[in-house]
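Quick notes on the structure that follows.
Throughout, residue positions are numbered sequentially from 1 according to the sequence presented. Note that ligands are numbered from 1 as they come in the structure, with each ligand's atoms numbered from 1 the same way. All heavy atoms count here, side chains included; hydrogens, waters and symmetry mates do not. On a predicted model such as this, the values are computed, not experimentally measured, just so you know.
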Amino acid sequence: MNHVPVAIIGAGPAGLTLSHLLHQHGVESIVFESRTRQQVEETVRAGILEQGTLNLMRDTGVGERMEREADIDEGIDISINGQPTRIPLTELTGHHVAIWPQHEYLKDFIAKRLEDGGTILFSTTVAEVDGHLGEKPTLTYTTEGGVPETISTDYVIAADGSSSPYRKIITEGTGIRARHEYPYAWFGILVEAPKTQKELIYATHPEGFALISTRSETIQRYYLQCDPDDTVDMWSDERIWEQLHLRADSDEIKVTEGRIFDKAVLRFRSAVTEPMQQGRLFLAGDAAHTVPPTGAKGLNLAVADVSVLAPGLVRALKRKDTGLLDAYSSLAVPRIWKAQHFSYWMSSMLHAVPGEDHFATQRRFAELRSVLESEAGQRYLAEQYVGKDLPKFEV
Ligand code: PHB
């Protein structure tokens, strides 16, 4: 039977970043991905890179295209009822963020893994993980050609996203899954139009939230708060533009219009699985936890997880020292809860709860204004938004 030191299920941000970091320390891994390379590289997701994430890309040789093409932003606008306030992120924290959508991030890491001789098995479904409580787990998988294979490994990493079946192995034992549902969702569009403005606008209005983001000089990404049960056909172009202008326009800035070529409803969910390990099975990224998109923390949290997991695995495999690996969950979970809190807090200030009354709207606006009118408040929001440095461990 073939053997690989680390078997990684899922070619998303957690799996690919982990595989890349392991390679940098001479540890071999295989990434198993059920989708095709094209599907992975074309799935539209959010994409704000915190300073720590973009530093990791730069420092480990994956940042070249991002440096050349991504917008680097030093501030965001928060707009209440058509009145924007700029939060100068860089002035307040010394850090900036990059607008680099998740699929672009994935393209960079796939290209780098392949260039470095790494193995990513696309269109390959893992059917079973066995023996993770013992010394040598095995993975049974079906290759692109439909051939079943088995491989042995030292460690299995489930990085296969929010519907990971491996999480259940932990929660059916002593683990827990904490969840929160939100009474709203986002309606996301891609549009051929010039930028509304370079920096993002997070806008709130009695009718709800809108986000003005961007993908390039000619393609823009806009979101509107909608009902979780809304379907794409309930949002005509006319309704979209009317609501975007109502919620996000100000005296100086009007949302730019153009041909809408993609519409989708994004569900809002928070969930955390604890612990993120059982025996030689580890969860990373969305397989363990999901955040709503408001704080744009999803990808960054996945990268934070594997910043602990990678050195832990390297120490365990190269030095037979499992101390850091054993501490993975306790080191990763506090950051996850802080990101949950930030995403929840931003979401609750910016979104209208369906049927909310005058009291609820004005209290929400007052909470936001209290933050925006205080330097300490702005600094707090900015620190959370740009994110703390990634955990760093010697290997
Ligand atoms: C995006 O551009 O898709 C985006 C930006 C910021 C967010 C969420 C999504 O908070």
Side-chain angles (χ1 to χ4, degrees), residues 12-13 42-51 53-54 66 69-79 84 86-87 89 95-107 162 182 184-204 208-226 240 244 247-248 255-256 260-270 286 290-303 338-351 368 371 381-387:
E42 286 179 2
T43 305
V44 178
R45 291 273 163 79
I48 296 281
L49 306 186
E50 293 179 354
Q51 179 87 52
T53 304
L54 66 97
M66 184 270 296
E69 294 177 26
D71 264 358
I72 301 291
D73 277 1
E74 302 194 340
I76 52 169
D77 275 1
I78 295 194
S79 173
R86 180 170 186 270
I87 302 200
L89 299 173
H95 287 345
H96 50 249
V97 293
I99 306 183
W100 195 236
Q102 179 163 315
H103 63 278
E104 301 293 349
Y105 181 94
L106 297 178
K107 279 185 206 164
S162 55
Y182 297 78
Y184 35 76
W186 278 6
F187 194 87
I189 61 164
L190 284 165
V191 50
E192 278 170 12
K195 279 181 188 165
T196 293
Q197 68 168 28
K198 179 174 177 290
E199 293 178 350
L200 269 53
I201 306 172
Y202 290 81
T204 189
F209 172 74
L211 172 60
I212 304 306
S213 182
T214 177
R215 286 292 174 265
S216 69
E217 289 304 328
T218 52
I219 303 210
Q220 310 313 320
R221 180 75 168 146
Y222 299 152
Y223 298 97
L224 281 164
Q225 176 185 345
C226 68
I240 291 170
L244 277 170
R247 300 180 194 185
V255 176
T256 55
I260 299 171
F261 63 94
D262 190 78
K263 296 182 181 179
V265 175
L266 284 78
R267 304 282 297 203
F268 259 56
R269 242 178 228 127
S270 283
D286 271 13
T290 330
V291 285
T294 319
K297 293 286 174 219
L299 181 152
N300 297 289
L301 269 187
V303 173
K338 281 181 235 164
Q340 289 292 3
H341 165 65
F342 180 64
S343 306
Y344 175 102
W345 178 61
M346 286 282 279
S347 300
S348 66
M349 285 193 297
L350 290 165
H351 293 75
L368 253 180
V371 174
L381 195 151
E383 280 168 1
Q384 306 297 312
Y385 192 85
V386 301

H341 and W345 aromatic ring geometry - parallel, tilted or perpendicular at 30°/60° bounds: parallel

Aromatic plane relationship, Y385 with Y202 - under 30° parallel, 30 to 60° tilted, over 60° perpendicular: perpendicular

More than 12 heavy atoms from other groups under 6.0 Å of CZ on R86: yes

Close side-chain approach of L89 to E74, heavy-atom, < 4.5 Å: no

Sole candidate of I212, L244, T196 that passes side-chain contact (heavy atoms from CB on, under 4.5 Å) when paired with T256: T196

Aromatic plane relationship, H351 with F268 - under 30° parallel, 30 to 60° tilted, over 60° perpendicular: perpendicular

What short N/O contacts, under 3.5 Å, does ligand 1 make with the protein, listed by atom pair and distance?
from     : atom 1 : to   : atom 2 : distance (Å)
ligand 1 : 2 (O)  : S213 : OG     : 2.6
ligand 1 : 2 (O)  : R215 : NH1    : 2.9
ligand 1 : 2 (O)  : R215 : NH2    : 3.4
ligand 1 : 3 (O)  : R215 : NH2    : 2.8
ligand 1 : 3 (O)  : Y223 : OH     : 2.6
ligand 1 : 10 (O) : Y202 : OH     : 2.7
ligand 1 : 10 (O) : P293 : O      : 3.2
ligand 1 : 10 (O) : T294 : O      : 2.9

